[in-house]
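None of the values given here were measured: they were computed from a predicted structure.
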Amino acid sequence: MGSLADDTIADLLEGPLKSKGGRSGNRARARRVVNYAPEVMVKITGNAKGADHVQSHLDYISRNGNLELEDERGDVIHGKDEVRALAKDWSQDKGKRRKNTRDTTNIIMSMPAGTEPRDVKKAVRAFAKRQFGQNHQYVMALHTDTDSPHVHLTVKSLGYDGRRLNVKKGDPQKWREAFAAELERRGVEAEATPRATRGVIKRGGSQAVHHIREKGQTPEVDQAKVREVLEDFRDQRAGKALKPRPWEDRIKERQTYVRKAWLMAAKDLNQSHDPEDQKLAKRIVAFVGSMPSMKTKRHELQEKVVARLQRRAQTRQGREEGRAQDHQDER
């Protein structure tokens with residue numbers, strides 16, 4: 001078979017190998033992706049700044065000392081007093097500080113429901129040791145209070161070498177891949193495919209925004225998007241040109257490319273005489289067909305606002321027709 005399918009899949013999956021066999025080959029990885037292998041989640045939830053904030057965060061992830069924390073040496077911190085002693089120790093570093101200096105980097109690492117929590121914790125332990133153990137202190141706490149077992153990993157920003165942890169743009173995706181690799185070493189099927197490769201446009205919201213929505217409140221970020229949508233409606237009615245949003249055009253272009261690339265790979269695979277390649281081609285076509293629509297959060301809000309306005313107009317029209325009918329009956 002020609003190399004186009006290999007090259008396309010390699011580009012989409014950002015994998016360096018083009019071998020057909022093994023778990024690391026691009027075909028093998030593509031097969032796991034289109035068969036919806038469990039996707040790992042790694043999210044930087046924020047940073048603690050200052051002694052009080054560090055204390056508050058460690059209290060939160062330890063459930064006020066009721067859950068054990070495990071540090072980079074494998075030692076267990078348990079109970080409110082031990083947690084507060086750790087927070088005090090981390091807050092007394094001698095590093096150079098500026099305004100809003102970040103004392104910790106707070107990370108959540110999780111797997112979908114059905115994954116054994118102990119495997120998740122073991123994988124995070126191995127990941128943290130490889131990624132941070134040489135230069136940073138950290139603690140981790142396993143949480144099983146949701147369907148998805150997850151570990152809160154809190155890394156002290158100031159390293160032993162006097163430098164602070166600097167998380168670069170591509171680091172979270174690299175961490176996802178390393179986390180997935182640790183899970184696979186323990187016999188747990190896991191993938192770390194970039195959102196764009198899976199046809200996903202919308203990013204997950206921050207933990208703070210999620211908590212606000214859970215309370216039934218509307219976070220400021222949602223309010224701002226609604227104001228944008230309403231402003232567009234007013235501009236349209238006034239005959240004004242809509243504000244350009246080039247980033248949305250780029251998202252659409254990227255997702256169009258992703259879909260075409262997957263389908264091109266499927267076309268090449270389907271020309272193979274290998275039944276497994278042909279089977280994979282069919283799965284790819286089905287996978288592309290099931291991808292989410294190319295809509296941003298703003299587009300979805302726009303549809304909701306339009307539907308709401310239409311319902312209001314229909315209700316108003318119904319009331320007016322009812323009043324007109326009543327008036328006619330009175331005659």
Quiz prompt | V54 versus S91, closest heavy-atom pair with distance | solution = CB-OG, 4.1 Å

Quiz item: Closest approach of P172 and V167, non-hydrogen atoms and distance?
Solution: CD-CG1, 4.3 Å

Quiz item: Under 3.5 Å, is there a donor-acceptor pair between the side chain of N135 and the main chain of Y160?
Solution: yes

Quiz item: Looking at A266 and A281, what are the two nearest heavy atoms and their distance?
Solution: O-CB, 3.3 Å

Quiz item: Taking the side chain as C-beta and beyond, is there a heavy-atom pair between Q137 and L158 under 4.5 Å?
Solution: no

Quiz item: Atom OG1 in T105, atom CG in L153: separation rounded to 0.5 Å?
Solution: 9.5 Å

Quiz item: Is it true that a side-chain atom of R283 and a backbone atom of V34 form a donor plus acceptor pair closer than 3.5 Å?
Solution: yes

Quiz item: Would you call E68-K121 a salt bridge at under 4.0 Å N-O?
Solution: yes

Quiz prompt | Under the side-chain contact (heavy atoms from CB on, under 4.5 Å) test, residues paired with K174 that sit two or more places apart | solution = D171

Quiz prompt | Heavy atoms of other groups near R118 CZ, more than 12 under 6.0 Å | solution = no

Self-check item: Under 3.5 Å donor-acceptor, R176 side chain and V40 backbone
Solution: yes

Quiz prompt | Sub-4.5 Å side-chain heavy-atom contact between R259 and Q255 | solution = yes

Quiz prompt | Atom CD of Q134 with >12 non-hydrogen neighbours under 6.0 angstrom | solution = no

Self-check item: Check: D52 main-chain N/O paired with S56 side-chain donor or acceptor under 3.5 Å
Solution: no

Quiz item: Can you check whether L165 reaches V155 side chain to side chain, under 4.5 Å on heavy atoms?
Solution: yes

Practice problem: Ignoring hydrogens and angles, tell me if any N or O in the side chain of D147 forms a donor-acceptor pair with the backbone of A113 under 3.5 Å. | Solution: no

Exercise. Find the distance between CD (E253) and CZ (R250) and round it off to the nearest 0.5 Å.
Key: 8.5 Å

Quiz prompt | Atom CG of N35 with >12 non-hydrogen neighbours under 6.0 angstrom | solution = yes

Quiz prompt | Intermediate values then yes/no, side chain to side chain contact (heavy atoms under 4.5 Å, CB included), L69 and Y138 | solution = CA-CA 10 Å; L69 301 180; Y138 58 82; over 6 Å; no

Exercise. Would you give the length of the straight line joining atom CD1 of I284 to atom CE of M264, rounded to the nearest 0.5 angstrom?
Key: 12.5 Å

Self-check item: Residues that F287 engages under ring pair (Phe, Tyr, Trp, His ring centres under 6.0 Å), provided they are two or more places apart
Solution: Y36, W262

Quiz prompt | Partner residues of A37 under the side-chain contact (heavy atoms from CB on, under 4.5 Å) criterion, sequence neighbours left out | solution = R32, E189, E191

Exercise. May I have the step-by-step check of side chain to side chain contact (heavy atoms under 4.5 Å, CB included) for D103 and K156, ending in yes or no?
Key: CA-CA 6 Å; D103 289 301; K156 183 179 178 181; over 6 Å; no

Quiz item: Do the side chains of L280 and E276 get nearer than 4.5 Å, heavy atoms only?
Solution: no

Quiz item: Going by atom types alone, do S272 and D274 pair a side-chain donor with an acceptor below 3.5 Å?
Solution: no

Self-check item: Shortest non-hydrogen contact between R198 and V33, atoms and distance
Solution: CG-CG1, 4.3 Å

Name each donor-acceptor pair under 3.5 Å that joins a side chain in residues 73-81 to protein atoms two or more places apart or in another chain, with its distance.
| unit_1 | atom_1 | unit_2 | atom_2 | d |
| --- | --- | --- | --- | --- |
| R73 | NE | D75 | OD2 | 3.1 |
| R73 | NH2 | D71 | OD2 | 3.1 |
| H78 | NE2 | N66 | O | 3.4 |

Practice problem: Enter the distance from T45:OG1 to I108:CD1 here, rounded to the nearest 0.5 Å. | Solution: 5.0 Å

Quiz item: Any link between L86 and L67 through a network of hydrophobic side chains (Ile, Leu, Val, Met, Phe, Trp, Tyr) touching at under 4.5 Å?
Solution: no

Practice problem: Check the angle between the aromatic planes of H57 and Y60 and answer parallel, tilted or perpendicular using the 30° and 60° thresholds. | Solution: tilted

Quiz item: Can you check whether L263 reaches V285 side chain to side chain, under 4.5 Å on heavy atoms?
Solution: yes

Practice problem: Tell me, please, which residues at least two apart from H143 pass ring pair (Phe, Tyr, Trp, His ring centres under 6.0 Å). | Solution: H150, H152

Exercise. Indicate yes or no: does R125 engage E70 in a salt bridge with an N to O separation below 4.0 Å.
Key: yes

Quiz prompt | Sequence-distant partners of R163, side-chain contact (heavy atoms from CB on, under 4.5 Å), two or more places apart | solution = D161

Quiz item: Going from OG on S110 to CE on M41, what distance comes out if it is rounded to the nearest 0.5 angstrom?
Solution: 3.5 Å

Exercise. Indicate the atoms forming the closest heavy-atom contact of P112 with S148, along with that distance.
Key: CA-OG, 4.0 Å

Practice problem: Would you mind reporting whether E116 and V188 have side-chain heavy atoms less than 4.5 Å apart? | Solution: no

Practice problem: For side chain to side chain contact (heavy atoms under 4.5 Å, CB included), just list the numbers for I107 and M109, CA-CA rounded to whole Å, side-chain angles, deciding distance to a tenth of an Å, and then say yes or no. | Solution: CA-CA 7 Å; I107 308 165; M109 309 182 76; 3.9 Å; yes

Quiz prompt | Flag side-chain contact, heavy atom, 4.5 Å: Q131 against W175 | solution = yes

Self-check item: Stepwise side chain to side chain contact (heavy atoms under 4.5 Å, CB included) check, M140 with I61
Solution: CA-CA 8 Å; M140 50 184 280; I61 67 172; over 6 Å; no

Quiz prompt | Salt bridge present between E182 and K122 (N-O < 4.0 angstrom) | solution = no

Quiz prompt | Electrostatic pair R27-D277, nearest N-O below 4.0 angstrom | solution = yes

Exercise. Could you please spell out the steps behind the side chain to side chain donor-acceptor pair (under 3.5 Å) verdict for T193 and E39?
Key: CA-CA 7 Å; T193 323; E39 291 279 347; 2.8 Å; yes

Exercise. Identify the two heavy atoms, one from F179 and one from V42, that lie closest to each other, and give their separation to 0.1 Å.
Key: CD2-CG2, 3.9 Å

Quiz item: Is a donor on one side and an acceptor on the other found under 3.5 Å between the side chain of T115 and the backbone of M111?
Solution: no

